[in-house]
Amino acid sequence: MSDKRPIGVFDSGVGGLSVLKELHKLLPKEDFIFIADQAHVPYGEKTSSQLCQLARNVCDFLTKKDVKLIVVACNTSTCYSIDYLRKEFKVPFVGTVPAIKTAAEKTMKKCIGVISTPATSASSYLADLITRHAQGVKVINIGCTGLENVVEKGDINSKEVETLLNKYLGPIKRAGADAIVLGCTHYPFLKTKIGKHVGPDVKILDSGKAIAKRTLALLEDSSSLNNHGGKSHYFTTGDDKDFSKVASVLMEKKITAQHIVL
């Protein structure tokens with residue numbers, strides 16, 4: 001049997017495309033519906049109640065499309081809304097969690113850095129991950145105002161990116177961290193630039209591959225894999241032409257999105 005229902009994936013904007021890339025690699029025969037809630041970007045500066053309501057609006061849309069699973073491709077939304085979503089909806093969810101455990105296991109200097117949105121940085125969710133998985137490890141936790149926005153605009157080669165990376169990676173470099181966790185799905189698109197700032201000896205970790213593996217495992221366990229698909233449909237609550245332009249650059253193929261109101 002082949003379960004032809006699509007998989008829903010959402011983020012505040014284009015950042016979730018870094019997760020979708022990994023899902024495409026591991027699940028090439030699945031159909032996906034990707035939603036960028038750009039009318040409300042950045043999520044990293046929203047309150048907990050706002051994030052829950054925004055996530056609910058997106059998931060209402062996705063469940064009406066009969067998705068078989070929803071990937072919350074956003075660290076901030078996962079931190080603040082995934083428990084709420086699991087109570088409100090019957091569909092399985094896969095969240096995006098900063099790779100604290102992996103970084104703590106890989107560090108040789110017992111010092112790691114975490115860069116994320118201000119909301120994720122200040123969340124009890126992240127604090128709990130650090131407490132549970134980084135005992136005996138120094139964690140430099142940096143909330144990066146503005147970094148999500150420049151990726152959202154597609155300005156990944158701008159001077160503003162270099163200025164922001166200098167500002168936010170500086171304390172991590174000075175502390176001597178040998179691993180950096182990318183705690184926002186927008187940041188993997190800056191991985192090469194981050195690597196140039198911190199040097200080749202510093203491991204740079206994101207959650208994309210782990211999310212794809214978790215999604216595969218859930219679909220296998222429920223016998224819900226699709227053997228005949230492979231299409232992705234893109235929606236944005238923002239400007240569909242702007243999203244399509246930026247997404248085409250980041251995904252390295254032509255993307256055409258449709259505007260929706262949630």
Side-chain angles (χ1 to χ4, degrees), residues 11-12 15-16 18-19 21-23 26 42-45 48 51 55 71-86 93-145 147-148 151 164-165 167-191 194-195 197-218:
D11 182 27
S12 60
S18 67
V19 175
K21 269 191 170 184
E22 298 298 335
L23 289 164
L26 199 59
Y43 274 11
E45 296 169 18
S48 177
L51 289 164
V71 177
V72 184
C74 173
N75 286 272
T76 300
S77 188
T78 299
C79 287
Y80 288 93
S81 69
I82 198 162
D83 290 339
Y84 167 79
L85 294 174
R86 283 175 170 148
F93 284 88
V94 175
T96 301
V97 179
I100 302 297
K101 182 178 181 181
T102 303
E105 290 171 348
K106 289 182 177 293
T107 178
M108 301 297 291
K109 297 183 178 179
K110 298 299 179 183
C111 181
I112 66 174
V114 184
I115 57 174
S116 63
T117 66
T120 297
S121 178
S123 69
S124 57
Y125 195 102
L126 179 58
D128 182 58
L129 285 176
I130 292 170
T131 299
R132 284 191 287 127
H133 300 302
Q135 289 291 328
V137 175
K138 184 178 182 179
V139 180
I140 313 301
N141 178 10
I142 307 291
C144 305
T145 301
L147 196 56
E148 178 184 5
V151 178
L164 290 170
L165 290 179
K167 176 181 179 181
Y168 296 129
L169 295 175
I172 296 172
K173 290 167 65 178
R174 290 192 290 273
D178 60 354
I180 294 178
V181 176
L182 306 185
C184 172
T185 55
H186 283 69
Y187 299 171
F189 292 115
L190 301 174
K191 202 167 189 176
I194 292 170
H197 276 264
V198 299
D201 295 330
V202 178
K203 298 177 181 67
I204 303 172
L205 307 168
D206 68 81
S207 305
K209 289 182 180 179
I211 293 166
K213 288 179 181 178
R214 177 61 178 160
T215 301
L216 172 60
L218 286 176

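Because the structure is predicted, anything quoted here is derived from the model rather than measured. Index from 1, following the sequence.
Separation of atoms NE2 (His186) and OH (Tyr43) is listed at 10.5 Å; rounding is to 0.5 Å. Between the NZ atom in Lys138 and the NZ atom in Lys109 there is a gap of 12.5 Å [rounded to 0.5 Å]. Here the OG1 atom belonging to Thr215 is positioned 11.0 Å from the CD atom belonging to Glu22, to the nearest 0.5 angstrom. Here CG of Asp128 is found 11.0 Å from CD1 of Ile100. Values are rounded to the nearest 0.5 Å. Interatomic distance, CD1 of Ile211 versus OG of Ser18, reported as 7.5 Å (0.5 Å rounding). One distance of note links CG of Leu205 with OG1 of Thr102; it measures 6.5 Å at 0.5 Å rounding.
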>> Before you tell me yes or no, could you show the steps for Glu45 and Thr145 under side chain to side chain contact (heavy atoms under 4.5 Å, CB included), namely the whole-Å CA-CA distance, both residues' side-chain angles and the distance that decides it to 0.1 Å?
In response: CA-CA 8 Å; Glu45 296 169 18; Thr145 301; 4.1 Å; yes
>> side chain to side chain contact (heavy atoms under 4.5 Å, CB included), that's the test. Do Lys106 and Ile112 meet it? Break it down for me.
In response: CA-CA 9 Å; Lys106 289 182 177 293; Ile112 66 174; over 6 Å; no
>> Test side chain to side chain contact (heavy atoms under 4.5 Å, CB included) on Thr96 and Asp11; report intermediate values, then the result.
In response: CA-CA 10 Å; Thr96 301; Asp11 182 27; over 6 Å; no
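By the 4.5 Å heavy-atom criterion applied to side chains, Leu147 and Leu165 are counted as neighbours. Considering only heavy atoms from C-beta on, Pro171 comes within 4.5 Å of Arg174 through its side chain. Ile142 has its side chain out of reach of Val114: every pair of non-hydrogen atoms, C-beta onward, lies at least 4.5 Å apart. Considering only heavy atoms from C-beta on, Leu129 stays 4.5 Å or farther from Lys101 through its side chain. The side-chain heavy atoms of Asp206 and Pro188, taken from C-beta on, include a pair separated by under 4.5 Å. Side-chain contact between Ile194 and Leu182: present, with at least one pair of heavy atoms (C-beta onward) separated by less than 4.5 Å. Residues Leu126 and Pro98 form a side-chain contact, since some pair of their non-hydrogen atoms from C-beta on lies under 4.5 Å apart. When side chains are defined from C-beta on, Tyr125 counts as touching Val97, because their heavy atoms get closer than 4.5 Å.
Thr117 contributes a side-chain N or O that, together with a main-chain N or O of Thr120, makes up a donor-acceptor pair within less than 3.5 Å.
The two residues Cys74 and Thr78 make their nearest non-hydrogen contact at O-OG1, 2.8 Å. When every heavy atom of Ser121 is checked against every heavy atom of Ser116, the shortest pair comes out as N-OG, 3.2 Å.
Side-chain contact check for Thr107 and Asp178: at least one donor-acceptor pair (N or O, by modelled atom type) lies under 3.5 Å. For the residue pair Ser12 and Glu148, a side-chain donor N or O sits within less than 3.5 Å of a side-chain acceptor on the partner.
The 12-atom threshold is exceeded at NZ of Lys21, counting heavy atoms of other residues, nucleotides or ligands nearer than 6.0 Å.
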